[in-house]
*Asks:* 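Can you keep this structure in mind? I'll have questions shortly.
So that the names make sense, note that chain A is the first sequence line, chain B the second, and so on, each numbered from 1. Worth knowing before you read on, the calculation uses all heavy atoms, side chains too, and leaves out hydrogens, waters and symmetry mates.
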Amino acid sequence: METIKLTIDNKEIDVPRGTTIYKAARELGIDIPTLCYMELHDMNIENKPAGCRICVAEVSGRRTLAPTCATKCEPGMVVKTHTPRVLNARRTVMEFILSNHPKDCLVCSKSGTCELQDMAHRLGIKDIPGAEYAAVSTFRMDTSPSIIRNLDKCIMCRRCEMMCNDVQTVGAISAVNRGFMATVAPAFEQNLEHSTCTYCGQCVSVCPTGALTEVNHVPQVLRALVDPTKTVVVQTAPAVRAALGEEFGLAPGTLVTGKMTAALRTLGFDYVFDTDFAADLTIMEEGTELLDRLSKYLKGDKTAKIPILTSCCPGWVNFFEEYFPDLKDVPSTAKSPQQMFGAIAKTYFADKIGVNRKDMVVVSIMPCLAKKYECQRDEFSVDGNPDVDFSISTRELASFIKQANIDIKNLHDEEFDSPLGESTGAGVIFGNTGGVIEAACRTAYELYTGKKLERIEFTELRGMEGVRSATLDFDGLPLNIGIAHGLGNARKLLNDVRSGKSQFHAIEVMACPGGCIGGGGQPLHHGNSEIIKARAAAIYTEDRKKPLRKSHENPFIIKLYDEFLGKPGSEKAHHLLHTHYFDKKKKIMIKK
Amino acid sequence: MSHIKIELRKEDVDFIKGVCSTFNNDPQELINVLHTCQEHFGYLPAEVQEVVSDGLNMPVAKIYGVVTFYSFFTMTPKGKHPISICLGTACYVRGAEKVLDEFKKELAIQVGESTPDNKFSLSTLRCVGACGLAPVVLVGDKTYGRVAPDDVKNILKEYV
């Protein structure tokens, strides 16, 4: 590859042709500030609209300052990143951005994790000239079941637009209008709820300011906890334990399972359970469905839909209901672990402890914002009483713990309660891309072949590439598995299914890059993909620590079927643990 | 997830689909498609943008972004005789704003609006390349030069 020699801040460097000045500077250890630029390595995600103009630098032979994130290196270029002219320009741009930005930093939900606040600090902004003339509240607030849009705080970095359109191919939001009225909004500036939004929350996870945040359900949870008539049950998703520690200054990838359990008990939850239990249950149902469809298919039954698609991810479910409603009978009918947990907690477990479902409140801790929407879906409630009452994100839990004066780092590890807290390693790996299908294969292999699985880890299903495939040997039967994370990648696989080209028997989809560990409700990664990889590694560590690593070996799952459900796929299981999907594609109405 | 009710006549839908296919259903041709649709319908209501979104297989949010970016595109219906007053530098310094005020007064509408009978609509633009005739007013395809506020009544009379 051709390399180019250039000089940045008096240091020489050779870079491949096509490299931007910004990246070349990074190689030299020069950290040029920027508000809009973002790159997630390994996931092919890069945002460089050259919109914020904070990253400008002086380039020899150029009259104007160059945005380094979008300017390519040229041979012999001399770049200066901190001349008085550059620093002045950077400060002026920052002052302009701040001039019409709300000044409620103290009470903003992003305070402390806001990149704009950090930048003002870094650039030493002590005064905002003209701020007194700036209009306040140009845009109305938009609240959806999961996400709040407060576009007065938008700085037009357009990371959210890139995530929604280029990565997720959802296309719910776009830059609209111009000048002072320019903002990022759904079509016709409708509410998010009336757009094609899947609530994956990836826009929230990259927003540098308080423009996009999650709906806060902590107050409702707190009210339930202090209500003596309520029995409050909590479930925690696998990805939460691998990221919660980051909010308390622990290194990314630090597992805090035991401390989290202790903190939840301290907060006052009556039963601290684990969504991983329900993940094991999901495998029983989904795995059975896979084998059932597969054996029919192999016998030549044309009505058997192959491939089977996983259905654990509510962002993904929203996506296919909106864009692929013609394929709505292809995904597994198994509910997500969150909803399976709710359904079992408010029937089997409520009966066991003699509590009426109306007096039980089920709270879920999720790495996800779409889960907030999912638990509000009509089909997941009985006579208006939802199976899962409130879903709060990892970030909300962290805030809750801090408010409750709990020093989580110094808590002693505690165990989950029994029986809905008992899980296998298969349930844990649901948090990673490839994890659901790996867990399914661990069980399906043994059920299909009747033999013991010697090599438990299907490492061929792991990794960070957006679309992956592997063929597993099921005792002579080659089973073709497809995996996609990020909805844009899922769309590629779905297009093949629609056109009949797909060779896969089963496909796993997770809406967020990296899977749930990279979910929209997780601690903000600020564009550092190493954080996501560290969380993934933590999940696999947790799996290896478990004495049982196959869902069908979970003794409490076996007991649940013995005592209550019968067998996987039974009528009762179908009633409680399976669901159906809707066609949500926008219809063009024609006047008669 | 959408709840907007879209009502278009079948021939309208066919027209828009036809325009999209003339441009090979290529999202890159969005501006040309919108031009042709606005020429046909007089404006670009949400319903039309929805069908274009279908035809070009691109998010309607993106289309709305383009429609709201370019001042040429409009989402409000124009009158039968759209009136445009040039507010370019030359026209402006020769009194275009007073002419505009007179149109607003006579028609009792603001810029961007149409008269209740939908006969006239009012908009402004920047430079039609006839600065020698400043101030310039366009009514439909017809150009009026050196317009004074006193001429406004007579111009409107031509269309009554």
*Asks:* When rounded to the nearest 0.5 angstrom, what is the spacing between OH in B:Tyr64 and CG in A:Asn177?
*Replies:* 5.0 Å
*Asks:* Give, as side chain, backbone, both or neither, the part of A:Glu189 having an atom under 4.5 angstrom from any heavy atom of chain B.
*Replies:*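 Contact with chain B is through both the backbone and side chain of A:Glu189.
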*Asks:* Just wondering, are more than 12 heavy atoms of other shown residues or ligands nearer than 6.0 Å to CD in B:Glu39?
*Replies:* no
*Asks:* Is the shortest heavy-atom distance from the side chain of B:Pro59 to the side chain of A:Thr196 under 4.5 Å?
*Replies:*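 No, side chains not in contact.
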*Asks:* Distance check, rounded to the nearest 0.5 Å: A:Met181 atom CE versus B:Thr68 atom OG1?
*Replies:*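 It comes to 10.0 Å.
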*Asks:* State, to 0.1 Å, how close B:Gly65 and A:Val176 come at their nearest heavy-atom pair, and which atoms those are.
*Replies:* CA-CG1, 3.8 Å
*Asks:* Other residues, nucleotides and ligands only: do more than 12 of their heavy atoms fall within 6.0 Å of CZ on B:Phe72?
*Replies:*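 Yes, CZ of B:Phe72 has more than 12 neighbouring heavy atoms, counting only those of other groups under 6.0 Å.
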*Asks:* Is it true that atom CD of B:Glu158 has more than 12 heavy atoms of other residues, nucleotides or ligands lying nearer than 6.0 Å?
*Replies:* yes
*Asks:* Quick one: which of A:Cys164, A:Pro186, A:Gly171 has the most heavy-atom pairs under 4.5 Å with chain B, could you say?
*Replies:* A:Gly171
*Asks:* Working to the nearest 0.5 Å, report the span between CZ of A:Phe188 and CD of B:Glu50.
*Replies:* 5.0 Å
*Asks:* Give, as side chain, backbone, both or neither, the part of A:Ala182 having an atom under 4.5 angstrom from any heavy atom of chain B.
*Replies:*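 Nothing of A:Ala182, per the 4.5 Å heavy-atom cut-off to chain B.
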*Asks:* Which atom pair, heavy atoms only, marks the closest approach of B:Ala61 to A:Ala172?
*Replies:* CB-O, 3.6 Å
*Asks:* Is it true that, when you exclude B:Asp117 itself, more than 12 heavy atoms of the residues, nucleotides or ligands shown sit nearer than 6.0 Å to its CG?
*Replies:*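 Correct, the count exceeds 12.
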*Asks:* Please say whether more than 12 non-hydrogen atoms of neighbouring residues, nucleotides or ligands are located less than 6.0 Å from CZ in A:Phe582.
*Replies:*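 Yes, because the 6.0 Å sphere around CZ of A:Phe582 holds more than 12 heavy atoms from other groups.
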*Asks:* Could you state the interatomic distance from CE (B:Met58) to CG (A:Asn165), rounded to the nearest 0.5 Å?
*Replies:*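 That separation rounds to 9.0 Å.
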*Asks:* Counting only heavy atoms not in B:Arg94, do more than 12 fall under 6.0 Å of its CZ?
*Replies:* no
*Asks:* If you count every heavy atom of other residues, nucleotides or ligands that lies below 6.0 Å from B:Tyr92 atom OH, does the total exceed 12?
*Replies:* no
